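All values reported here derive from a predicted model rather than from experimental measurement. Naming convention: chains lettered A, B, ... in sequence-line order (proteins, then strands); numbering from 1 in each chain.
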Number of protein chains: 2
Amino acid sequence: MTKKPDGPRFRRYSSETRGAMLIEAALVCLARGGITAFTVDNICREAKASRGLITHHFGSKDALLAAVYATMYDRFTAVFDEGDRLPGAVGLIEANFDPAVFNPESLKIWLALWGEIANNEDLRAVHRQRYQDLLDQVARTLAEEAAARGKTIDARSVAVQFVALSDGVWVENGIDPTMLSREAARESCYAFLENLLGALARPAAASIAEIGGPGPSSD
Amino acid sequence: MTKKPDGPRFRRYSSETRGAMLIEAALVCLARGGITAFTVDNICREAKASRGLITHHFGSKDALLAAVYATMYDRFTAVFDEGDRLPGAVGLIEANFDPAVFNPESLKIWLALWGEIANNEDLRAVHRQRYQDLLDQVARTLAEEAAARGKTIDARSVAVQFVALSDGVWVENGIDPTMLSREAARESCYAFLENLLGALARPAAASIAEIGGPGPSSD
DNA sequence: CATCTTACGATACGGTTGTTCAACAAGGAG
DNA sequence: CTCCTTGTTGAACAACCGTATCGTAAGATG
């Protein structure tokens with residue numbers, strides 16, 4: 001008298017779609033428990049799929065991890081490429097602290113990934129490419145801003161410093177937000193650039209309004 | 001006709017000594033393969049001890065990890081407390097890039113640990129204390145340097161920025177030294193502080209002589 | 001020498017790891 | 001409808017995970 005299993009017992013997705021679902025589930029696992037929770041069982045349970053799918057669609061668990069890393073970088077640079085973001089150095093900082101990028105889950109994921117890159121040649125290769133592109137974009141923005149203000153800076157060097165400072169405040173906030181709040185982290189970045197470029201006009205509360213975050217995780 | 005097992009079959013150490021040996025072996029494993037390689041089997045094999053010893057001396061694997069983290073912090077702050085280090089802001093930077101602290105193995109270990117802190121309350125508690133102390137020391141040094149130069153700075157805020165910047169260049173160099181060399185990383189820190197304090201006198205090649213590193217790892 | 005404390009080695013345990021594989025079925029093509 | 005491609009399942013696998021527990025023996029003590 002149990003419910004008749006009339007309908008399909010599972011759904012078939014394209015390899016691309018299922019891959020995206022597995023990546024999404026993997027991100028959830030990474031955010032929840034770090035690289036230790038990045039296991040086939042956890043991920044497939046989160047994705048409500050059987051355990052064979054990771055190997056089937058990605059070839060191996062490591063390949064999935066590489067795809068996860070690429071996805072994280074894509075999402076980060078996507079924020080920079082948004083058409084409606086603020087121009088110049090201010091936009092640079094605000095993009096760094098955009099809620100889509102700067103949130104507890106993402107920071108935990110970055111921390112977990114950084115710890116693995118040193119041990120995974122594939123991840124390191126992806127990083128090298130993406131980081132180079134990111135650096136170019138930051139340097140270009142800073143050079144333009146400096147030129148518009150009649151200042152002369154070594155844009156490349158400053159870009160490296162700026163990205164490193166961003167990574168640093170990400171680390172501190174990701175490890176323990178009570179030690180370095182999001183606001184203090186952003187203020188650090190402003191102070192750093194203002195020392196080189198002069199006063200920067202912080203945006204009104206408009207783009208800072210949605211600080212509340214994405215709400216409680218439905219765990 | 002094999003060699004007679006006359007001598008002792010193993011050696012007994014004090015709990016303190018054996019604990020230090022296990023911590024040392026754990027550090028080697030972390031540097032070699034990240035948190036994934038932090039396993040009872042790996043560590044005890046590295047320490048040439050049987051697998052029961054971690055539980056016996058530390059109670060659990062997690063407790064050993066906490067001890068490992070404390071050891072890393074101890075060694076880092078020990079460099080700051082060295083009597084013969086350079087005074088003021090220059091000493092601050094040079095301590096950060098002391099070969100005893102800034103080397104590929106240590107950076108890999110920090111990266112691996114940071115990824116776990118977010119998932120381990122005990123580690124986070126240790127971090128909170130040590131980080132606070134470190135920040136106090138950095139802020140004090142910066143305040144003195146600024147006062148001696150007649151500059152006024154928010155020492156606390158600058159200390160946070162400086163530590164974050166240090167963490168950031170550590171991350172970048174640890175992930176991929178070809179992207180941000182040790183020299184460029186140190187120069188970034190100098191540029192940052194010089195913007196606030198004025199020119200700093202970099203030390204002669206004396207303390208930079210031993211850059212060569214600890215030689216190839218005997219893997 | 002005998003005695004005692006306790007660090008130690010070895011093993012067993014249930015659970016989890018990533019991967020392989022054969023049977024299966026969803027869903028489009030003819 | 002039948003056929004066929006292929007995404008999917010779930011079991012099976014050996015290797016490894018962290019821990020508990022046993023008897024043993026190192027080495028200090030008297």
Item to check | d(CZ, B:F38; P, D:dC16) in whole Å | outcome: 19 Å

Checklist entry - For the side chain of B:R9 and the base of D:dT24, is some donor closer than 3.5 Å to an acceptor across the two? => result no

Checklist entry - How many Å lie between NZ on A:K61 and P on C:dT19, as a whole number? => result 7 Å

Checklist entry - Is any N or O donor-acceptor pair between the side chain of A:R12 and the base of D:dT6 shorter than 3.5 Å? => result yes

Next on the checklist: Classify the ring geometry of B:W110 against B:W170: parallel below 30°, tilted from 30° to 60°, perpendicular beyond 60°.
Outcome noted: tilted

Checklist entry - For D:dT8, does OP1 or OP2 lie under 4.0 Å from any side-chain N or O of A:S50? => result no

Checklist entry - A:D41 CG to D:dC16 P: how many Å, rounded? => result 18 Å

Checklist entry - Touch check for A:S14, heavy atoms < 4.0 angstrom, all strands: base, sugar-phosphate only, or nothing? => result nothing

Next on the checklist: Regarding A:T55, tell me which of base, sugar-phosphate or nothing describes its non-hydrogen contacts under 4.0 Å with the strands shown.
Outcome noted: base

Checklist outcome for this item: With B:I23 as partner, the option from B:L65, B:T71, B:I43, B:V28 fulfilling side chain to side chain contact (heavy atoms under 4.5 Å, CB included) is B:T71

Checklist entry - Which whole-number value in Å describes the distance from B:H57 NE2 to C:dT6 P? => result 13 Å

Next on the checklist: Tell me if the side-chain of A:R11 makes a donor-acceptor pair with the base of D:dT8, cut-off 3.5 Å, by modelled atom types.
Outcome noted: no

Item to check | Any B:R18 side-chain N or O less than 4.0 Å from OP1/OP2 of C:dC8 | outcome: yes

Next on the checklist: Looking at C:dG9, I'd like to know if its phosphate oxygens (OP1 or OP2) sit under 4.0 Å from a side-chain N or O belonging to B:H56.
Outcome noted: no

Next on the checklist: Distance check needed: D:dG18 P versus B:L53 CG, whole Å only.
Outcome noted: 15 Å

Checklist entry - Within the structure shown, what part of the strands sits under 4.0 Å from A:F10 by heavy-atom distance: base, sugar-phosphate, or nothing? => result base

Checklist entry - Is A:K108 salt-bridged to A:E105, going by a charged N under 4.0 Å from an acidic O? => result no

Checklist entry - Should A:T77 and A:D133 count as side-chain neighbours, where that means a heavy-atom distance under 4.5 Å? => result no

Next on the checklist: Applying a 4.0 Å non-hydrogen cut-off, can you work out what A:F58 is touching in the nucleic acid: base, sugar-phosphate, or nothing?
Outcome noted: nothing

Checklist outcome for this item: In whole angstroms, the gap separating C1' of C:dT16 from CZ of A:R51 amounts to 9 Å

Next on the checklist: Which is more 5' along DNA chain C, the nucleotide nearest A:R45 or the one nearest A:G52? Just name the residue.
Outcome noted: A:R45

Item to check | Nearest-angstrom distance from the residue atom CG of B:L22 to P of C:dG9 | outcome: 10 Å

Item to check | Length of the OH-C1' vector between B:Y13 and D:dG27, whole Å | outcome: 13 Å

Next on the checklist: Is the ring pair B:F76/B:F80 parallel, tilted or perpendicular, if the boundaries are 30 and 60 degrees?
Outcome noted: perpendicular

